[in-house]
Amino acid sequence: MNKYNPSQFDDIRPYYDSEIPAAMQRIVKSDFFGLLCTYVYPGHNPEDVKKMMLSFRTIKDFQLEVMRCVNEQVIARSMTAFTYNGVEKLDPQKKYLFVSNHRDIMLDACLLQYVLYKNGHETTEITFGANLMSSPLVIDIGKANKMFRVERGGNMKDFYLSSKHLSDYIRYVLTEKGQGLWIAQRNGRTKDGYDQTDQGIIKMFCMSEPSNKIKALADLNIVPVAVSYEWESCDILKALELYESRFTKYIKKPGEDLNSILTGIAQPKGRVNITFCDQISETELHQFDNCTNNEYHRLVAQLIDERIYDAYQLAPNNYIAHDLRFGQQLYRDHYTEAEYEAFVAYLERLNTFDIPEPDILRDIYLGIYANPVDTKNRLNKGENEKM
């Protein structure tokens, strides 16, 4: 017997197949349709693309013919290499909750969907912050791409109710709807290079099964995912935000999220990797049987972090930034002179900003790349101490 009524999630769910034709009608009438055609289907007649999209009847049609092409264009235009690991560990018959570090607003999830598709797995539903659903076009594209709305903010009561609603929806999707699901390890992107799972996310997962904390997570088949970019998505924008946040409460500017999405798509990213880590097993969760709920949430978050840190792939930029930040050559063997010069040349872009303390901005920027090196070192030190 099913626990949930699907209609109770109508306020946040993606589109059903029956809603795709009307969504396609709206998308092709958008003022931005021509621009989208130019990027996704270069050299194609927009009228032919319009006819194709108006023929779509299912989410699968949209994902196969549009989102697949979006990913292929992003990979071809902005990456020198795109690799992935661990997908062979996934059972096509199981539905997983992929918990990923979060570096790019759109690409972290979209690239994962592309890897799943390329390897014969069904794509998953995707969390999508309500703050990003800023226009009818974004809503139509997002909900046609299996994205569902996640509310953020509000008073304590509203936050509790929205968290419980989200927890119920995640459990419904995985255990009754028969879909996988992607969620970031925290609200908002990592901006300082330190990927850390918010234990509040783990608490939220458990809200829909409050009587048994082990079952609450074991039922979800949690698989941590590490996403690594050689050139950090929106790196300068992130550094500027962190710089401004030192002096005043940072308030997003109108259109800022959309600008970050477009910058993330277009910005050169170098080598990009997605690694599927080992699933968090029920046996591992039972290690925490005697913990308080709060401690349980913290330890599970830490376990996810360790998997992601271990799988995260450092690039020459990370080592260069660490050496520059601390005035040393400790990691000189990890990069070439050409790679060093390219990074230093890119660093010069920071000098175009008229700010009172440029050295602080430079240090923040270097930290975005250098901090993952420290994270790896701490993890390796901890593992060595256990041996």
Side-chain angles (χ1 to χ4, degrees), residues 32 34-44 49 63-85 87 100-119 123 126 128 132 137-138 141-142 145 147 182 184 189-191 193 195 225-241 255-275 312-318 320-321 335-336 338-339 341-350 352 365 368-369 372:
F32 295 97
L35 185 62
L36 292 172
C37 281
T38 301
Y39 184 86
V40 182
Y41 302 102
H44 286 65
V49 176
Q63 289 194 317
L64 180 61
E65 298 299 339
V66 177
M67 296 311 300
R68 174 184 60 82
C69 293
V70 168
N71 280 299
E72 289 174 351
Q73 288 296 331
V74 170
I75 292 168
R77 295 187 186 198
S78 70
M79 300 179 195
T80 55
F82 177 62
T83 58
Y84 50 85
N85 307 94
V87 69
S100 162
N101 63 328
H102 193 25
R103 298 299 185 96
D104 183 89
I105 290 178
M106 190 185 89
L107 293 181
D108 299 341
C110 283
L111 290 170
L112 181 139
Q113 307 307 311
Y114 183 69
V115 173
L116 291 174
Y117 155 74
K118 290 285 286 184
N119 288 274
T123 56
I126 304 167
F128 198 52
L132 300 176
L137 177 63
V138 172
I141 292 174
N145 190 37
M147 293 181 171
W182 175 93
R189 294 166 294 159
T190 297
K191 297 183 178 69
D195 297 311
V225 178
V227 185
S228 313
Y229 295 90
E230 181 175 13
W231 289 96
E232 177 77 9
S233 177
C234 301
D235 49 3
I236 291 179
L237 295 178
K238 290 176 181 177
L240 289 168
E241 179 178 333
E256 183 172 335
D257 285 327
L258 180 58
N259 181 48
S260 291
I261 291 173
L262 297 176
T263 301
I265 290 171
Q267 178 183 343
K269 286 167 276 294
R271 288 165 283 194
V272 178
N273 174 267
I274 290 181
T275 296
Y312 189 87
Q313 296 194 1
L314 296 174
N317 289 346
N318 300 109
I320 294 167
Y335 52 86
T336 66
E339 288 167 336
E341 290 176 359
F343 187 87
V344 170
Y346 191 83
L347 196 60
E348 288 296 314
R349 298 188 185 195
L350 298 179
T352 62
Y365 180 84
I368 291 173
Y369 287 96

Distance from [X] atom [atom1] to [Y] atom [atom2], nearest 0.5 Å?
X: Lys269; Y: Arg77; atom1: NZ; atom2: CZ; answer: 11.5 Å
X: Leu111; Y: Lys118; atom1: CG; atom2: NZ; answer: 13.0 Å
X: Ser78; Y: Trp231; atom1: OG; atom2: CH2; answer: 13.5 Å
X: Ile320; Y: Glu339; atom1: CD1; atom2: CD; answer: 6.0 Å
X: Cys37; Y: His44; atom1: SG; atom2: NE2; answer: 10.0 Å

[Y] and [X], any side-chain heavy atoms less than 4.5 Å apart:
X: Ile75; Y: Tyr114; answer: yes
X: Val74; Y: Phe82; answer: no
X: Thr123; Y: Trp182; answer: no
X: Ile141; Y: Leu36; answer: yes
X: Gln113; Y: Met67; answer: no
X: Leu112; Y: Leu116; answer: yes
X: Leu314; Y: Pro372; answer: yes
X: Tyr117; Y: Gln63; answer: no

Review point. Do Asn273 and Thr83 have a side chain donor and acceptor closer than 3.5 Å?
Key: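 A donor-acceptor contact under 3.5 Å links the two side chains.
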Check your understanding: Just checking, is any N or O donor in the side chain of Asn318 or Tyr335 under 3.5 Å from an acceptor N or O on the other one?
Key ->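 Their side chains do not contain a donor-acceptor pair, so the 3.5 Å distance test is not met.
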Can you list everything that forms a ring pair (Phe, Tyr, Trp, His ring centres under 6.0 Å) with [X]? Sequence neighbours excluded, please.
X: Tyr84; value: none
X: Tyr369; value: Phe343, Tyr365
X: Phe32; value: none

**Study point:** Set of side chain to side chain contact (heavy atoms under 4.5 Å, CB included) partners for Thr190, sequence neighbours left out
**Key:**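 For Thr190, the residues satisfying side chain to side chain contact (heavy atoms under 4.5 Å, CB included) (neighbours in sequence not counted) are Arg103, Gln185, Arg186, Asp192, Asp195.
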Review point. Who are the side chain to side chain contact (heavy atoms under 4.5 Å, CB included) partners of Glu341, not counting sequence neighbours?
Key: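 Listed in chain order: Glu337.
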Check your understanding: Hey, is the main chain of Val227 close enough, under 3.5 Å, to the side chain of Asn101 for a donor-acceptor pair?
Key ->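 Between the backbone of Val227 and the side chain of Asn101 there is a qualifying donor-acceptor contact (under 3.5 Å).
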Check your understanding: Any sub-3.5 Å donor-acceptor pair from Gln267's side-chain atoms to Ser233's backbone N or O?
Key ->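 No.
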If you take all heavy atoms of [X] and [Y], which pair is closest and at what distance?
X: Ile368; Y: Lys238; result: CD1-CB, 4.1 Å
X: Arg349; Y: Thr352; result: O-OG1, 2.7 Å
X: Leu237; Y: Ser260; result: CD1-OG, 4.3 Å
X: Leu107; Y: Gly264; result: CD1-O, 3.4 Å
X: Val40; Y: Cys69; result: CG1-CB, 3.6 Å
X: Ala109; Y: Ile126; result: CB-CG2, 3.6 Å

**Study point:** Results of side-chain hydrogen bond (donor to acceptor under 3.5 Å, both in side chains) for Asn317 - residues two or more places apart only
**Key:**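 Residues passing side-chain hydrogen bond (donor to acceptor under 3.5 Å, both in side chains) with Asn317: none at all.
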